[in-house]
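Read through the structure below, which is laid out as structure tokens, and then see the notes.
Letters A, B, ... mirror the listed sequences (proteins, then strands); counts begin at 1.
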There are 4 protein chains.
Amino acid sequence: MLKRNKPKYKQIIEAAVIVIAENGYHQAQVSKIAKQAGVADGTIYLYFKNKEDILISLFQEKMGSFIEKIQKEIGGISSPTEKLYVLIEKHFQLLAADRHLAIVTQLELRQSNKELRLRINEVLKRYLKVVDDILIEGIEKGEFRKDLDVRLARQMIFGTIDETVTTWVMNEQKYDLVALAKPVHQLLTKGCAA
Amino acid sequence: MLKRNKPKYKQIIEAAVIVIAENGYHQAQVSKIAKQAGVADGTIYLYFKNKEDILISLFQEKMGSFIEKIQKEIGGISSPTEKLYVLIEKHFQLLAADRHLAIVTQLELRQSNKELRLRINEVLKRYLKVVDDILIEGIEKGEFRKDLDVRLARQMIFGTIDETVTTWVMNEQKYDLVALAKPVHQLLTKGCAA
Amino acid sequence: MLKRNKPKYKQIIEAAVIVIAENGYHQAQVSKIAKQAGVADGTIYLYFKNKEDILISLFQEKMGSFIEKIQKEIGGISSPTEKLYVLIEKHFQLLAADRHLAIVTQLELRQSNKELRLRINEVLKRYLKVVDDILIEGIEKGEFRKDLDVRLARQMIFGTIDETVTTWVMNEQKYDLVALAKPVHQLLTKGCAA
Amino acid sequence: MLKRNKPKYKQIIEAAVIVIAENGYHQAQVSKIAKQAGVADGTIYLYFKNKEDILISLFQEKMGSFIEKIQKEIGGISSPTEKLYVLIEKHFQLLAADRHLAIVTQLELRQSNKELRLRINEVLKRYLKVVDDILIEGIEKGEFRKDLDVRLARQMIFGTIDETVTTWVMNEQKYDLVALAKPVHQLLTKGCAA
DNA sequence: CATGAATGAGGATTCATTCAT
DNA sequence: GATGAATGAATCCTCATTCAT
């Protein structure tokens, strides 16, 4: 059986999300995660190479299912503009539904060292690929302009979504994030121009 | 004479930028900064309360002059759309001109703890205020649409600029960042729509 | 099992006594104590909250057994005057038998900060209570004079014993401390006698 | 002119007493003493070899005038028993009159290192000599018993006086110390009396 | 004489990781 | 597989002292 399918593997990752969200990245000691997961400190190392591996795995697992869910949702949609809307809405929905995960991805995991963030970026690329594909399809289908710089447009889309979620988390998730999907989508597709 | 006008104050901040950029946030020991600045370890503490104070001061000094320069540039411009362009271009120019500072602001300083990031955010607000003012003026002058959500638009603008710079830094500053000012400005003002 | 009954707990305390006696309070680094105890530096912190906690525990353990031994000795004696003699003799015997402990209690521990000394005083109070009890019993039994000020008499007894031991330690324990029990007792009881 | 007769010499010593009494031995930095004395840090070193020298000088100056005053008082008295009374009363009076000095000599200076305390003891010996002389005279004049062990009696006298003052200081000088001179004298002379 | 900016040595503590049981 | 006691490397800051002015 694959390591990542064993119950304790998932148990430890869920514990890590909770511990990091509640204590902050720098106060999330391995012993705290072990305690939260209900296992001994040493047991962690039967499932993860080291502490960094927990965090990378956490991001891979969570981001993986994140991307899968979004791909499934936009799979049946033909309009790229519409696909972009669903991507934004789903992105907001998934993070709004998991307060802990939102804190971890938007605030805490960014405190990790450069090394870890490079690994995280590799995972992110799969997400950015989804955005790229929508953009390319949109250009081909004539919904987006021909001379659109896909890389820049993707940076705008991701940058805007990310900044919107981060601001929401830093405001202690006080307002309805999902409700912003529509105006954000409008901004991104139509722009500020009069 | 104010502490922050003394030569060693600036000397230490410049040293901190270099050391953090070259060694990373977590490998930027006080002794390394002192050595780079050409002063004794203890001298650091004649000018800064503690290590965190160096980082906060660094950000305040750099971001402060950053904002001042941008404000000066857009001061003489009447069109908000044009102002936004100059803001983007200047933002890119200033960071492209200081490789070390770009690494520090886009990557290293984000690893700081929540406390420090809150302090950094206070400084950032002044920048976001500049963006907001441009947007409000744009709406009033009829260059931007009446129903524009200023907060969301600001999050798009800052998120896009930030993501663009970060991607550039993570790609080792291999391409011309300033050249992106025009298409980014176009994207932000006109959007992706055909 | 209680932390204080584990072998390493006692091992570390014994090491602390030796290191402090041989190097002095301010030269008794945690790493030195760990080395003397044959454990890693970090192990100290599995048994003690911090360095101060080692010193407080040391005093509590040693003074605790000190008081117990004295109480056991005087338990079977009926005459308060005789009790006082045994207390003095036992006090001298116990410190004369442990050169290191004598140095630590008479010289080194007094260099501790006010906070620590307040904690030490709490332990000392138990000792002073034993003296008080002897004095009160002596007054009741008519061996000591009715108008004896118990507090002052206790200060005389403790002050004299303490000064005698300190002088002996400062003279490098060159003469026989225990032999002084009899003349000291004589001096002290004349002051108290009815 | 002798260094110790210059105004700044005395100024610094008075400052040291105040700073140590108010901040504690370990919080009495040279810079604090300099500030309190109204001189620059460096000036301290024109009058004292090092920090330890300040403390030794402080004790020498204060203890010196302490002993002189006591010697002057007992000079005109013929009875050794009476002399002892005046010594105790004067000892209590002088410390009761200078709260700061009492704190410094009874609590703070004892936190100094072994080296410093050895130096302090040399000064103390002059005081103990005064006691010894009274005792010897008392034996010769038949007021104290012939077989009195002078060294032990001196340790009792000094130990008792010292313990009494220390207890009074630790009780925040709440009660009348001088009033204790009489009962303390009574306790001590009974032990010595012929 | 006086200044005060600059110096730099020194140590308690944390926590990821190991390994004997 | 699971445990958790033990390890030990690594760093910020203080403050007595100096010396150029």
For a quick test of reading the model, state the closest non-hydrogen atom pair linking [X] to [Y] and the distance between them.
X	Y	result
A/Asp41	A/Ser31	OD2-CB, 3.4 Å
A/Ile33	A/Ala28	CD1-O, 4.1 Å
A/His26	B/Gln111	NE2-O, 3.6 Å
B/Val17	B/Val104	O-CG2, 3.5 Å

Expressed as a whole number of angstroms, how long is the span from [X]:[atom1] to [N]:[atom2]?
X	N	atom1	atom2	result
D/Gln11	E/dC1	CD	P	14 Å
B/Lys35	F/dT11	NZ	P	14 Å
C/Phe48	E/dA12	CZ	P	15 Å
C/Ile54	E/dA12	CD1	P	9 Å
A/Ile33	F/dG4	CD1	P	17 Å

Under 4.0 Å protein heavy-atom contacts per nucleotide of nucleotides 13-21 of chain F, with B for base, S for backbone only and - for none | BBSSBB---
Nearest of E/dC1, F/dT7, E/dT3 to any side-chain atom of D/Ala40?
->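 Nearest to the side-chain atoms of D/Ala40, counting from C-beta on, is E/dT3.
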Please state the C1' separation for the pair E/dC1 and F/dT21 - nearest whole angstrom.
->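 It works out to 13 Å between them.
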Beyond-backbone contact of B/Val19 with B/Gln27, side-chain heavy atoms, under 4.5 angstrom =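 They are not in contact (no side-chain heavy atoms under 4.5 Å apart), so the answer is no.
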Checking side chain to side chain donor-acceptor pair (under 3.5 Å) for the pair A/Lys8/A/Gln11: CA distance, chi angles, key distance, verdict?
-> CA-CA 5 Å; A/Lys8 282 196 180 162; A/Gln11 206 170 315; over 6 Å; no
Any chance CZ of A/Arg119 has more than 12 other-residue heavy atoms, nucleotides or ligands included, within less than 6.0 Å?
->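 Counting neighbours around CZ of A/Arg119, 12 or fewer heavy atoms of other residues, nucleotides or ligands fall under 6.0 Å, so no.
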Got a minute to check which stems DNA chain F is part of, using Watson-Crick or G-U wobble pairs under 3.5 Å, three or more consecutive?
->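 In DNA chain F, stems of three or more pairs: E:2-21 with F:2-21.
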Indicate, with a heavy-atom threshold strictly under 4.0 Å, whether A/Lys8 touches base, sugar-phosphate, or nothing.
->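 Here A/Lys8 touches the backbone only, sparing every base.
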With a 4.0 Å cut-off on heavy atoms, is A/Tyr47 in touch with a base, just the backbone sugar-phosphate, or nothing at all?
->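 It contacts sugar-phosphate atoms only.
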Between B/Phe48 and B/Tyr9, what is the ring plane arrangement, given parallel below 30°, perpendicular above 60°, and tilted in between?
->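 Ring orientation of B/Phe48 relative to B/Tyr9: parallel.
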Name of the residue among B/Gln36, B/His100, B/Lys62 meeting side chain to side chain donor-acceptor pair (under 3.5 Å) with B/Glu14 =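 When side chain to side chain donor-acceptor pair (under 3.5 Å) is applied between B/Glu14 and each of B/Gln36, B/His100, B/Lys62, only B/Lys62 qualifies.
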